J.: 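Take a look at this one; I'll ask things after.
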Amino acid sequence: LQMLRRTSVLTEVVRFASLREKAGSIPASVYEPIFHDPREFPEHEHLNIRLQGYDYVPLENFQGLVHRLCTRFGFNVLDSYAVAAQTEKIVSYKPNSTLVDQEIALSLYDRVVRIGSVPAPRLQLLVNILKAHTPIGVQVTVKSHEKADEDYRYIPDGLLKQRQEELKMLDDPVIRKNLGWE
């Protein structure tokens, strides 16, 4: 009989390994009261975090860090993309002459992370973290999204624009008459 009691106690001890499990789930409000925060903060609709730099590798790595930070903060990452590099030629001259010493081509790389529905207090925290972790040579700009930013993203097609101009010219009655269409 004693042996049977020991086995039943042992099975009960094994079933409930800790006192917390034996007690069951305790609501968090038992230990700390629940406070509801009635404050509402303004939200930014769409923001562009623009990263520019002359060195490609740190810029790419930092764009990945910015993307991960935004998702960790709970922001809605709408888009993350690269913009075509802008290349500039720099010419250095020999001392006291007009002879060219060197020609250097510098490429300015550009990356954009677009985020949406950002609460104002959290944005300031994100900006401070970005400032603290920005690599040397990378410039960070945070601003609201505009139509010009969308136009800046795409490379214009010269041939397409030329054909559109020709189509607009065909609406002119003088040109239509010269072509024999009227």
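None of the values given here were measured: they were computed from a predicted structure.
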J.: Hey, mind stepping through V66 and Q63 against side chain to side chain contact (heavy atoms under 4.5 Å, CB included) and telling me if it holds?
T.: CA-CA 5 Å; V66 170; Q63 180 192 11; 5.7 Å; no
J.: Within a strict 4.5 Å, meaning less than it, do heavy atoms of the F73 and L125 side chains meet?
T.: yes
J.: Please indicate whether K143 has more than 12 foreign heavy atoms, meaning atoms of other residues, nucleotides or ligands, lying under 6.0 Å from its NZ.
T.: yes
J.: Can you list everything that forms a salt bridge (charged side-chain N to carboxylate O under 4.0 Å, His left out) with R163? Sequence neighbours excluded, please.
T.: E166
J.: How many angstroms lie between atom NE2 of H67 and atom CD1 of I115, to the nearest 0.5 angstrom?
T.: 10.5 Å
J.: Test of understanding: with side-chain contact (heavy atoms from CB on, under 4.5 Å), list the residues that count as partners of P121, not counting sequence neighbours.
T.: F41, P119
J.: Could you pull out all residues at least two apart from Q86 that satisfy side-chain hydrogen bond (donor to acceptor under 3.5 Å, both in side chains)?
T.: Y152
J.: Who pairs with Y81 by ring pair (Phe, Tyr, Trp, His ring centres under 6.0 Å), at least two apart in sequence or on another chain?
T.: none
J.: For S144, which residues count as a side-chain contact (heavy atoms from CB on, under 4.5 Å) partner, sequence neighbours excluded?
T.: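 Partners of S144 under the side-chain contact (heavy atoms from CB on, under 4.5 Å) test: L47.
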J.: Crowded around E40 CD? As in, over 12 foreign heavy atoms under 6.0 Å?
T.: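 It does not: E40 CD has 12 such atoms or fewer within range.
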J.: Which heavy-atom pair separates S107 from A85 by the least distance, and what is that distance?
T.: CB-CB, 4.4 Å
J.: Can you name the residues that form a side-chain contact (heavy atoms from CB on, under 4.5 Å) with V91, not counting sequence neighbours?
T.: Y93, V100, E103
J.: State, to 0.1 Å, how close V77 and C70 come at their nearest heavy-atom pair, and which atoms those are.
T.: CG2-CB, 3.7 Å
J.: First locate atom CG of D149, then atom NE2 of H46, and finally report the distance between them rounded to the nearest 0.5 Å.
T.: 12.0 Å
J.: Quick check on the hydrophobic clustering: are V138 and Y54 connected, directly or via other members, by side-chain heavy-atom contacts under 4.5 Å?
T.: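 Result: no, two separate clusters.
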J.: Holding to ring pair (Phe, Tyr, Trp, His ring centres under 6.0 Å), I want the full list of residues that pass it with Y56, two or more places apart in sequence or in another chain.
T.: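 Here the qualifying residues are Y109.
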J.: Just how far is it from atom CG of N48 to atom CG of L51, taken to the nearest 0.5 Å?
T.: 10.5 Å
J.: Would a hydrophobic clustering, with Ile, Leu, Val, Met, Phe, Trp and Tyr connected at side-chain separations under 4.5 Å, put V142 with V83?
T.: no
J.: Please assess L130 against F62 for the test side chain to side chain contact (heavy atoms under 4.5 Å, CB included), listing each intermediate value before the final yes or no.
T.: CA-CA 9 Å; L130 291 180; F62 190 59; 4.0 Å; yes
J.: My understanding is that only residues two or more places apart in sequence, or in another chain, count here; which of them pass side-chain contact (heavy atoms from CB on, under 4.5 Å) with K147?
T.: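 Partners of K147 under the side-chain contact (heavy atoms from CB on, under 4.5 Å) test: D151.
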J.: To the nearest 0.5 Å, what is the distance between CG (L126) and CG (L69)?
T.: 6.5 Å
J.: So, taking the atom named CG in L78 and the one named OG in S117, what distance separates them when rounded to the nearest 0.5 Å?
T.: 7.5 Å
J.: Any link between L59 and L106 through a network of hydrophobic side chains (Ile, Leu, Val, Met, Phe, Trp, Tyr) touching at under 4.5 Å?
T.: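 Different hydrophobic clusters.
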J.: Looking at residues at least two apart in the chain, or sitting in another chain, which of them share a salt bridge (charged side-chain N to carboxylate O under 4.0 Å, His left out) with E45?
T.: none
J.: What residues form a salt bridge (charged side-chain N to carboxylate O under 4.0 Å, His left out) with D79, not counting sequence neighbours?
T.: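 For D79, the residues satisfying salt bridge (charged side-chain N to carboxylate O under 4.0 Å, His left out) (neighbours in sequence not counted) are R153.
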J.: Please answer whether the main-chain N or O of P58 pairs with a side-chain N or O of N61 as donor and acceptor at a distance below 3.5 Å.
T.: no
J.: Determine, using the 4.5 Å side-chain heavy-atom cutoff (strictly less than), whether V112 and L108 are members of one ILVMFWY cluster.
T.: no
J.: Once side chain to side chain donor-acceptor pair (under 3.5 Å) is applied, what residue pairs with a partner in residues 122-137 remain, sequence neighbours excluded?
T.: Q124-N128
J.: Please, which pairs that meet salt bridge (charged side-chain N to carboxylate O under 4.0 Å, His left out) have at least one residue in residues 108-119, sequence neighbours excluded?
T.: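 Non-adjacent pairs meeting salt bridge (charged side-chain N to carboxylate O under 4.0 Å, His left out): R50-D110, E60-R111, R114-E150.
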J.: Would you say I136 ends up clustered with V57 if hydrophobic residues are merged whenever their side chains have heavy atoms under 4.5 Å apart, either directly or through other cluster members?
T.: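 No, V57 and I136 fall in different hydrophobic clusters.
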